[in-house]
Amino acid sequence: MNNFSYIQANSAKEATGIRQATPQAAYIAGGTTLLDLMKAHLEEHPQLVDINLLPFKGIEQTSDGLRIGAMERMSDVGEHPLVLQQYPAVSESLLLAASPQLRNMASIGGNILQRTRCGYFRDAAFPCNKRVPGSGCPAIAGDNHNLAILGTSEACIATAYPGDLSVALAALDAVLTLENAKGKQRRVPVTEFYVLPGKTPQRETVLEPGELIVAVTIPAAAHARRSTYLKVRERASYAYALASAAVGLDVQGGTIRSARVALGGVGTKPWRSPEAEKVLTGAPATEATFRAAAAAALRGAQPRDDNRFKVELAQNTLVQALMKVAG
Amino acid sequence: MTFVLQLVTLQNIPMDTEPKFFETNPTAGVVGQPLNRVDGRDKVMGRAKYSAEFNNLPGLVHAVLKTSDVAKGRITGFDTTAALKQPGVLAIITHQNIPKLAKTPNDAEGKKAIGAPMGYLPLTDDRIHYAGQPVAVIVADTLERAQYAAALLRVQVAAEKPLASYEDPKAQLFDPTKIQDGKTQAHVVRGNAQTAFAAAPIQLTHKYTHAINHHNPMEPGATTAHWEAPDRLTVYESTQGVTRTQKALSTMLGLSAEQVRVVTKYLGGGFGCKGSCWPHTVLTVQAAKFVGRPVKLSLTRPQMFTSMGHREDQTQTLRLGATNDGKLTALIHEKTSTTSPWDNYAESNSKIVNMLYECPNFEASYQLARANVMTSTFTRAPGEAPGSFALESSMDDLAYQLGIDPIEIRLRNYAEKDPSTGQPWSSKSLRQCYARGAELFGWSKRNPKAGATRNGRLLVGWGMATASYPVHNSQGMARARLYADGHAVVQSGATDLGTGTYTVMTQVAAEALGLPVEKVRFELGDTKLPTAPNSGGSVAAGTVSSSVYMAVQDLWQKLIKVAVLDKKSPLYRAKLTDVEAKAGRLQLKANPKKGEGFAALMKRADMADVEGNGQGRYGSGYEDAQAAANADPAKKDEAAHHSMHSFGAHFCEVQVDPDLGTVRVTRWVSVHGAGRILNAKTARSQIIGGSIFGIGAALMEGTVRDQNLARYTNASLADYHIPVNADIPDMTVEFIEEHDPYINAMGVKGIGEISMVGVSAAVANAVFHATGKRVRELPITPDKILGTKAV
Ligand SMILES: Cc1cc2nc3c(=O)[nH]c(=O)nc-3n(C[C@H](O)[C@H](O)[C@H](O)COP(=O)(O)OP(=O)(O)OC[C@H]3O[C@@H](n4cnc5c(N)ncnc54)[C@H](O)[C@@H]3O)c2cc1C
Ligand code: SF4
């Protein structure tokens, strides 16, 4: 790890001000992933700005839906009664993630901004376009077992967000509140927050330098109350998803009135699937419909040597998740 | 707060098997009892010092390794400017300024003399042979400063295109004739397997691949080196054998063994990777010399993947010929694997294929390809674990093909003597293991059809496999000192890998001395103590316990001599051979009432203490040892006429999600016959641990080497998966009581590795039973179940 200085910010204004003065500085929340990145020299920051004192707290009902402060901890959010009752997919995505120790430390904002588990990215000895733009992508011809099959580019095929929460948030139309150095807030849907790698895989989100995540708001909806998150991994716990699905259905009289579908572990970003939702909406809630929706979701998939299995796995994961919420 | 709540619940967990047994009966029969670990309290309290925790050495400083990014090339220079400018940096040691060693392993003679696992020592020239090879040692006053300086150090390298494995089309396969440092003949032929196979009515030919596995003990490799004088070195080392490290270091440094002391008081696991002296150890010792201060080095987790060996990537082809009623007629085993640029290392997979079942014709061969990797090394049950995966999967195929129960097919081929040598077994309880395992598991209720048992959406499968592990030749020494006040100190330079050596040796000594366990202190892990073998190959329990037992017998003989010459002793003038020691009493064999306790005798003789020395060895049978202090040497030869193995059977239930491809083990039964069991609790833990390791190898473990850059892509415990609690069900473990008169003085076979043998096959066989799909590629990850990969 490089030498760095540490400062605790008491307000958003103070935090963004420091970032403005030292553009290479980084915010630190739980630190569970930032410190790993710094220890491995994947990110180097001369200064850390501790944002744990910022008032980005609270889990409360608002007219727009449930608002969760960015500094809330994964465990507290996952176990919160309102989240459990109204957004089961969100609760499950949190409680199936990482380990209890990590969930107790890790914040919602930090979770949303975690970085890829691509093995080449995580080892500074390898070339990697995301880490060192223009250095190449060894994963394409190398070990891509865990990497993406949707939204890839010639520059990068990583699941830039490897985690779980944002998949559920993307499915359920969650909106992030961001705040910049001028104290100005803006709202960005999670589905628009992450960007495709294209030729610039180093750019992963629309977050502006120094901008803070203040909160995430998830609208109330029938399909949100009837939602689930299914995660498939090689070991039973404490592993990232090979494939996952966050789904919500509003079924009435056997017909799907509204549907929400997002996939994890297979896209270069949390993969909301309007194609699948289109198939589902208005159709009977049957396995045949779910299979058709799954096929639609994966239609554009571009698998590589080691991750070809994900095409079938992601479809089956989606079907199983839909069967579960359809009851 | 959640954290506090968790602490409270932790306290409420009931503790199992409190050692009540010796409250009522302090001496008799403590061997075998489920005694709690004698070192448990020190470990929990943080008082147990591991090798990187000797922090009070005067002027102790820290070293870190700078390792190579690329897997092949030449170092053209270093830019040390920025690194050397950092405060606290004491030295940057490279091949350009490192002092010369008396010997290196870089030539065959040196390698042999050192006993080095690898025929190349980094920092001896400018070559880079593998990714992760150390290229510099940075020493600074704090760990952080050393790490930072290492990051600032620039290494200029002319990179070359590496070879990653035997699978590379450019790899050149060769026949090594001998493997494992020349210790093992690669080619073995018994009968005429080719002809027999060609003539066999049933012919199975299958390929099995095994991923690279890393040992990943919790405690990484660590060395603290202290030159107490220019010619006197003490090394606190994380090793499975202090003597082997002492030999390696003294040979490399040109010192005598007595000038090098190696200490390992506690070890946080080894699994084979700490069985040899690897480069980082001597580099730390050299760094300490260089800066003239004690130096500590602890490998990082990523460095653990390129510093202490691994289980090599390998493909086995097994051809099995059998009659229509399932009798084996031929086994032909071929293995192809990756080795380093210097050594012909391959696990000897074929050994277990040669001995597990009665089969008149056998042939084995090995092929290696050199690649830019470090040398692989013994990894828990080296050879037996992957070898049994191939054999036991094919035996399962045979059973299904002929419609014979998997246990029955094994009984039809039961080896009444060792087929590989023709020798009788010293003991073998495999039939009982099958029977008891089947009973505990409920095997008789098995649906013989594959793919026919369901639990809702999930497919349920049952599988079993045989386990076996040899008792390796070894010997060692121990010393026992009994004090007149009823305390004893017993010593042997053995290692406790964390598995209970301290505890079981305390039990053996206490029982032999007739003392309560709390009156006995067992000391180990120091070259100042009597020499013990490496704790590897499952030899420690048998050899060290026998040494301890013999040392105590020696001590009794000394006291008996005193007694028969002492006019005041009831044993005055008795014949030496008529006297025995029982439960701390010296007495006439014919009339046990006539005798006295050691305390009275020693008091009269004004003896503060009495000391005995013993040598435990492979093949000094336990019945002789009971009779006399020194085993009859003739028995050693007799032992050589026996084949000595532990045997066991694993039974496994899996549930497979056919849509998601996930496999979860839901039930587990292991039954073993492994000679005398010294501690029911630590033995059970050992079998559970080994089986979990096997389940890991079966379902998730695998290090991935990039085939273009020859560098690992998942060198961390976040990405290299080992089982977590959620992967493991309650496990049932039992032992068949076995009295083996030939093995050693205690009749102990050792259970370190057998626990892992056959495990991956038991899992794969259960997966086949569940799904009808045979996976011959480890680990069995969801992609292989889903069927997009050829199996
Ligand atoms: C071994 C391991 C396993 C894991 N497994 C999973 C898993 O299965 N599923 C899963 O979803 N996750 C998993 N994680 C990731 C884990 O969820 C993240 O580490 C955690 O959520 C990060 O939160 P944090 O508060 O610690 O973030 P930090 O490490 O403090 O910060 C992460 C990044 O976010 C930035 N940041 C943090 N908060 C804000 C904010 N409010 N505004 C702007 N920027 C901010 C920081 O500057 C930094 O760049 C795993 C992590 C580890 C180490
Ligand atoms: S997939 Fe992306 S993150 Fe991985 S090596 Fe390629 S560019 Fe880097």
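These numbers were taken from a predicted model, which means no experiment stands behind them.
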For [X], is it the side chain, the backbone, both, or neither that has a heavy atom closer than 4.5 Å to a heavy atom of chain A?
X	value
B:Arg664	side chain
B:Leu660	both
B:Ile695	neither
B:Arg705	neither
B:Ile728	neither

Review point. Is any residue of residues 155-164 of chain B within less than 4.5 Å of chain A by heavy atoms, and which ones?
Key: none
4.5 Å side-chain heavy-atom contact, [X] and [Y]:
X	Y	answer
A:Glu234	B:Leu699	no
B:Asp659	A:Glu312	no
B:Asp783	A:Leu242	no

Check your understanding: Hey, does the side chain of B:Asp727 reach the backbone of A:Ala236 with a donor-acceptor pair shorter than 3.5 angstrom?
Key -> yes
Check your understanding: chain B heavy atoms under 4.5 Å from A:Ala141: which part of the residue, side chain, backbone, both or neither?
Key -> both
Practice item. Could you go through the side-chain hydrogen bond (donor to acceptor under 3.5 Å, both in side chains) check for A:Tyr240 and B:Asp719 one step at a time? Key: CA-CA 9 Å; A:Tyr240 289 91; B:Asp719 302 299; over 6 Å; no
Practice item. Among the options B:Gln147, B:Arg457, B:His721, B:Met700, pick out the one with the most heavy-atom pairs lying under 4.5 Å from chain A. Key: B:His721
Can you measure from [atom1] ([X]) to [atom2] ([Y]) and round to the nearest 0.5 angstrom?
X	Y	atom1	atom2	result
B:Asn725	A:Tyr238	CG	OH	13.0 Å
B:Thr713	A:Arg117	OG1	CZ	12.0 Å
A:Asn146	B:Asn714	CG	CG	8.5 Å
B:Arg145	A:Asn3	CZ	CG	8.5 Å

Review point. Listed by residue number, which members of residues 122-138 of chain A have a heavy atom under 4.5 Å from any heavy atom of chain B?
Key: A:Asp123, A:Ala125, A:Phe126, A:Pro127, A:Pro138
**Study point:** Contacts of residues 316-327 of chain A with chain B (heavy atom under 4.5 Å)
**Key:** A:Asn316, A:Thr317, A:Gln320
Exercise for review: List the atom of B:Leu786, the atom of A:Phe309, and the distance in Å for their closest heavy-atom pair.
Suggested key: CD1-O, 4.1 Å
Study note, to complete from the structure: The ring-ring contact (aromatic ring centres under 6.0 Å, His included) partners of B:Tyr712 (sequence neighbours excluded) come to B:His214
